[in-house]
Amino acid sequence: MVHLTRIYTRTGDGGQTRLVDMSLTDKTDPRVAAYGDVDEANSQLGVLLSTTELPEPMVTLLGRVQNELFDLGADLGNPLQETYAHEPLRITAEYVDRLEEACDAFGDPLPALRSFVLPGGTPAAAHLHVARTIVRRAERTAWTAVEQVGSEAPGGVNLLAITYLNRLSDLLFILSRAANATDPTIDRDVLWVPGGKRSDGPRKSDEPRQSDEPRGADSTQPADEPQRPEESA
């Protein structure tokens, strides 16, 4: 049980803080930055849930994700050790499996993409895209931590925590598409139109491309554009 009796402590005024195992480190430590990015992503989901309307299954899923992000922050802030006096809270394969199941459940009914998706559409979809980009940043920051402290005990980062971040960014992308698909006022995906092919604005998903057909009927990558890093891994 967590007990918070006073919020300000003055102990971090010198630029240092303590990790979950009470070891002292600088506030610029990438592990601290990583769980700070996770906190930011969780806050963005809070904005989403408190200011937009989503289908109940999506609300329930995102509520679970918010709790899991606290688990994730606790994991990133707790260096791996050979032994523990008390079993720590860690992200396990089951967390990742649940995200993949959610990706399939919400993603399978969606039509195949014929171009990249622009952030936007409904307010909910736009908030989900912001959350996705923050989670991507958290993943990059966590890998920076691995470069610094490794992924083995003692002192390393749990790699499953980073895998969770990767799958979560995928899920948030899928949910942004699903949020647009459930709003009758939005014409499904708002698609990227490459320079030189644009007319009045972004192309909707049911409009024809102004270039050759993609490589395959189920391709999610355009035939004539390189893959964008933020949606590739």
Side-chain angles (χ1 to χ4, degrees), residues 1-5 7 12 17-25 27 29-50 54 56-106 127-128 130-146 148-176 233:
M1 182 64 68
V2 177
H3 294 281
L4 300 176
T5 57
I7 301 304
T17 188
R18 292 192 183 275
L19 299 175
V20 175
D21 66 352
M22 298 306 294
S23 59
L24 194 64
T25 191
K27 290 189 174 183
D29 186 319
R31 292 169 293 185
V32 178
Y35 64 70
D37 289 341
V38 169
D39 185 28
E40 184 180 348
N42 207 345
S43 298
Q44 178 61 35
L45 292 180
V47 173
L48 163 71
L49 291 171
S50 62
L54 289 169
E56 187 57 36
M58 203 177 295
V59 171
T60 300
L61 171 60
L62 290 172
R64 189 193 80 202
V65 166
Q66 282 199 292
N67 277 279
E68 291 181 349
L69 286 175
F70 261 82
D71 297 348
L72 177 65
D75 191 337
L76 291 170
N78 196 357
L80 295 172
Q81 302 296 339
E82 296 287 353
T83 60
Y84 303 92
H86 303 283
E87 191 65 26
L89 182 58
R90 295 289 183 202
I91 297 297
T92 63
E94 288 73 21
Y95 283 74
V96 178
D97 290 343
R98 288 195 294 268
L99 290 184
E100 292 179 349
E101 290 169 2
C103 285
D104 293 339
F106 285 93
H127 282 302
L128 284 160
V130 174
R132 173 184 62 81
T133 60
I134 298 170
V135 170
R136 281 291 198 186
R137 177 174 9 110
E139 181 188 1
R140 295 191 297 270
T141 307
W143 279 116
T144 300
V146 171
Q148 179 173 305
V149 301
S151 59
E152 302 290 338
V157 175
N158 176 20
L159 293 182
L160 278 173
I162 308 180
T163 302
Y164 181 95
L165 286 167
N166 182 274
R167 297 302 188 279
L168 179 57
S169 66
D170 292 336
L171 175 61
L172 294 174
F173 175 75
I174 290 168
L175 292 181
S176 71

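Since we're looking at a predicted model, the values are computed, not measured.
- Nearest approach of A142 to L76, heavy atoms of both residues: CB-CD2, 4.4 Å.
- Remark: R98 qualifies as a cation-pi partner of Y95 under the 6.0 Å distance and 45° angle criteria applied to the six-membered ring.
- Annotation: the span from E139 atom CD to W143 atom CH2 amounts to 8.0 Å, rounded to 0.5 Å.
- Side chains of R31 and P79 form a contact here, defined as non-hydrogen atoms less than 4.5 Å apart.
- Distance check, rounded to the nearest 0.5 Å: OG1 of T133 to CZ of R137 gives 7.0 Å.
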Intermediate values then yes/no, side-chain contact (heavy atoms from CB on, under 4.5 Å), V38 and L165
CA-CA 9 Å; V38 169; L165 286 167; 4.1 Å; yes
Which donor-acceptor pairs under 3.5 Å do side chains of residues 59-67 form with protein atoms, sequence neighbours excluded?
residue : atom : partner : partner atom : Å
T60     : OG1  : E56     : O            : 3.1
T60     : OG1  : E56     : OE2          : 3.3
R64     : NE   : E68     : OE2          : 3.3
Q66     : NE2  : N42     : O            : 3.1
Q66     : NE2  : N42     : OD1          : 3.0
N67     : ND2  : G63     : O            : 3.1

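- Under a 3.5 Å cut-off, the side chain of R90 and the backbone N or O of D75 do form a donor-acceptor pair.
- E152 pairs by the salt bridge (charged side-chain N to carboxylate O under 4.0 Å, His left out) definition with nothing, not counting sequence neighbours.
- Atom CG of residue L69 and atom CG of residue D39 lie 9.5 Å apart, to the nearest 0.5 angstrom.
- Residues A74 and L89 come closest through the heavy atom pair CB-CD2, 4.2 Å.
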Let me see the working for V157 and L80 under side-chain contact (heavy atoms from CB on, under 4.5 Å), right down to the final yes or no.
CA-CA 6 Å; V157 175; L80 295 172; 5.9 Å; no
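- Between Q148 and D29, some side-chain heavy-atom pair lies under the 4.5 Å cut-off.
- Distance CG/L172 to CZ/R136: 10.5 Å, rounded to 0.5 Å.
- Contact annotation: the side chain of R167 approaches that of T163 to within less than 4.5 Å [non-hydrogen atoms, C-beta and beyond].
- Put simply, the side chain of L54 reaches to within 4.5 Å of the side chain of L48, judged on heavy atoms.
- The main-chain N or O of I91 is found under 3.5 Å from a side-chain atom of N158 such that the two form a donor-acceptor pair.
- Of the inter-residue distances, the one linking S151 atom OG with I162 atom CD1 reads 8.0 Å to the nearest 0.5 angstrom.
- Rounding to the nearest 0.5 angstrom, the gap separating the CD1 atom in I174 from the SG atom in C103 is 4.0 Å.
- For S169 against N166, the heavy-atom pair with the smallest separation is OG-O, 2.7 Å.
- Taking every heavy atom of both residues into account, Q81 and P154 meet most closely at OE1-CB, 3.5 Å.
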